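The structure appears below as structure tokens.
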Amino acid sequence: MTLKNKKILIIVGGGIAAYKALDLIRLLKKNNVIIKTILTKSGREFVTPLSITTLTKSKTFEDMFDKNSEAEIDHISLSRWADLIIVLPTTANFMTKLSLGKAEDLATTVLLASNKDILLVPAMNVRMWLHKATQKNLNILQDYGYHFIGPEKGEMACGEYGEGKMSSPRQIFVYLKNYFHQKNLVKNKNLKALITTGPTREYLDPVRYISNESSGKQGYELALALKRLGVKTKLITGPTNLTHGNDLKIKKIISAKEMMDEVKKSLPVDIAICAAAVSDFKPIRKSKTKIKRKNFNEKNITLEKNPDILDYLSKNNKARPGVVVGFSAETENVIHNSITKIKEKHCDLIIANDVSRKSFGFNSDYNKVSIIDKNGKIKFIPKNKKSYIANIIAKIILDKLLVNDKNFN
Ligand code: PMT
């Protein structure tokens, strides 16, 4: 993968590692990357605009209210111009500003106004990095969709050893090659995904139904995460209270049968994720009128099995998606039961949800999951925002799809 003509905006932050920005710029220029730079006020304490401009052969932007540069190019067009924005070094203080959504200078304003991918390259003392405040900011920023490389373990400028050292220009260069490679693959292959989410409702009569507490949040966040990675995504959702903008293609359904019909209509896709809590059973008959208490007899609620959508997708010989992902919600023996499920349902990955507590899982903004593959490999993700978990799952799915598919290489 060549980086030729990629447009990268580099924001140079205020830390001793700022000098490495010059090495990165040199490396990228050698590979014909088009670079624009913003030097923050504290970055200026470590490198000069002149040294950056000498390497980039273009103006180094500095101030928000610099009449010349604002006339030439404003903060919105700077961010629109870029294919990717990198902040290096990203200091603890800068992470705090971003997590608060500050727009107090040109750099923070560009980042807040940006709809592009942003790569943060942290560099700081090990204690600062491991401080709860920084780790909390890390979580918030990952949740907002910022990408991170590093920090690495090693000896730092302050003489201490540990996690906090900035990734080297070479490591960043390799990261960028992989990043653009994956972007290209997703775009060229025109990848498509379908995601089921939310509960289903199985009506006994016009006003009563069987359902569950699923809010649809986890599936919705997954759809957004995949869309951010460039995948054309359709969300098939049962009844939920989620409010969503026009940012996603959404199809609303009520029952498991309708969900299955919509899934069938959406094939073929490259990725299928079944995050919905589909009702396993439905009443054999739905009464046309409200069932009266005095008329009740058990026959009114005889149940039959609903179709299994995940099983249908996994075993679909004609149009099996490249990666099929199931979810499992368990209150006990979470891993054991989920491994059994992955075998029964023949999917490629299963996301095991611990739904034993109210503070995460069903109808919460938080989740706690283990991602399990067919070979029993397990990646545990501790309790975190559903959006954060969705970003991790989406990247794993994409990696799996792109590595597995020989056409991609
Ligand atoms: O919606 P939220 O409030 O955000 O909560 C998210 C969640 C906890 C509901 C979600 O993360 C989750 O775990 N969803 C699956 C819950 C579930 O129904 O698990 P299950 O063990 O019953 O089903 C296993 C898998 O088969 C699931 O992928 C399910 O979508 C699928 N299935 C089940 C039955 C059926 N008839 N068709 C299916 O496709």
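Please read all numbers here as calculations on a predicted model, not as lab measurements. Atoms within each ligand, like the ligands themselves, are counted from 1 in listed order.
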Is the shortest side-chain N to carboxylate O distance from E304 to K282 below 4.0 Å? yes

Greater than 12 external heavy atoms within 6.0 Å of K136's NZ: no

Which bit of D280 gets closer than 4.0 Å to ligand 1, counting heavy atoms only: side chain, backbone, both or neither? side chain

Atoms of ligand 1, numbered as shown, that sit under 4.0 Å from any heavy atom of Q218: 4 (O), 6 (C)

Salt bridge between K183 and D117, side-chain N to carboxylate O under 4.0 Å? yes

I want to confirm something. Looking only at heavy atoms, which of A275, S364, S314, A277 is nearest to atom 14 (N) of ligand 1? A275

Tell me the nearest of P307, A256, G198 to atom 36 (N) of ligand 1, using heavy-atom distances. P307

Would you call D348 and R320 a salt bridge, using N to O less than 4.0 angstrom? yes

Identity of the nearest option to atom 19 (O) of ligand 1, non-hydrogen atoms only, from A329, G238, C347, A390: A329

Do the ring planes of Y144 and Y146 sit parallel (below 30°), tilted (30 to 60°) or perpendicular (above 60°)? tilted

Evaluate whether atom NZ of K383 has more than 12 neighbouring non-hydrogen atoms of other residues, nucleotides or ligands under 6.0 angstrom away. yes

Close N or O approach (T197, ligand 1; < 3.5 Å): no

Strictly by modelled atom types, are E332 and N337 linked by a side-chain donor-acceptor pair under 3.5 Å? no

Output the list of atoms in ligand 1 that are nearer than 4.0 Å to some heavy atom of C274, sorted by atom number. 27 (C), 28 (O), 30 (O)

Atoms of ligand 1 close to K341 [distance to a heavy atom under 4.0 angstrom, numbered from 1]: 20 (P), 21 (O), 24 (C)

With a distance cut-off below 6.0 Å to the six-membered ring centre and an angular limit of 45° from the axis, does K36 pair with F61 as a cation-pi contact? no

From the list V121, L88, L120, side-chain contact (heavy atoms from CB on, under 4.5 Å) with I149 holds only for V121

N or O pair under 3.5 Å between V355 and ligand 1: no

Give yes or no for whether the N/O distance cutoff of 3.5 Å, strictly under, is met between K345 and ligand 1. yes

Could you tell me whether K385 and E221 make a salt bridge, using a distance below 4.0 angstrom between a side-chain N and a carboxylate O? no

Taking only heavy atoms of I309 into account, list the atoms of ligand 1 that are under 4.0 Å away from them. 37 (N), 38 (C), 39 (O)

Suppose I only count heavy atoms of L310 and a 4.0 Å limit; which atoms of ligand 1 are within that range? 25 (C), 26 (O), 28 (O), 31 (C), 38 (C), 39 (O)

With a 4.0 Å cut-off on heavy atoms, is M259 in contact with ligand 1? no

Heavy-atom distance under 4.5 Å between the side chains of L119 and Y179, does that happen here? no

Of P199, S215, A272, G326, the residue with the heavy atom nearest atom 2 (P) of ligand 1 is S215

Distance only, no hydrogens: is a donor on one side chain within 3.5 Å (strictly under) of an acceptor on the other, for E152 and S167? yes

Considering both backbone and side-chain atoms of S214, is one of its nitrogen or oxygen atoms within less than 3.5 Å of a nitrogen or oxygen in ligand 1? yes

Of all the atoms in ligand 1, which lie at a distance below 4.0 Å from a heavy atom belonging to F327? 10 (C), 11 (O), 12 (C), 13 (O), 14 (N), 15 (C), 19 (O), 23 (O), 24 (C), 25 (C), 27 (C), 28 (O)

F362, Y220, Y312: member with heavy atom nearest to atom 9 (C) of ligand 1: F362

Do the side chains of K265 and E262 get close enough for a salt bridge, i.e. N-O under 4.0 angstrom? yes

Going by the order shown, which atoms of ligand 1 are within less than 4.0 Å of some heavy atom of N353? 8 (C), 10 (C), 11 (O), 13 (O)

What are the atoms of ligand 1, with element, lying closer than 4.0 Å to any heavy atom of N363? 3 (O)

Would you check whether K217 has a nitrogen or oxygen atom less than 3.5 angstrom from a nitrogen or oxygen atom of ligand 1? yes

Before signing off on this row, confirm whether G219 and ligand 1 have an N or O atom pair separated by under 3.5 Å. no

Name the closest protein heavy atom to atom 4 (O) of ligand 1, giving the residue it belongs to and the distance to 0.1 Å. K386 NZ, 2.7 Å

The protein heavy atom nearest to atom 29 (C) of ligand 1 is A276 O, 3.3 Å

Salt-bridge contact R26-D23 (side-chain N to carboxylate O under 4.0 Å): yes

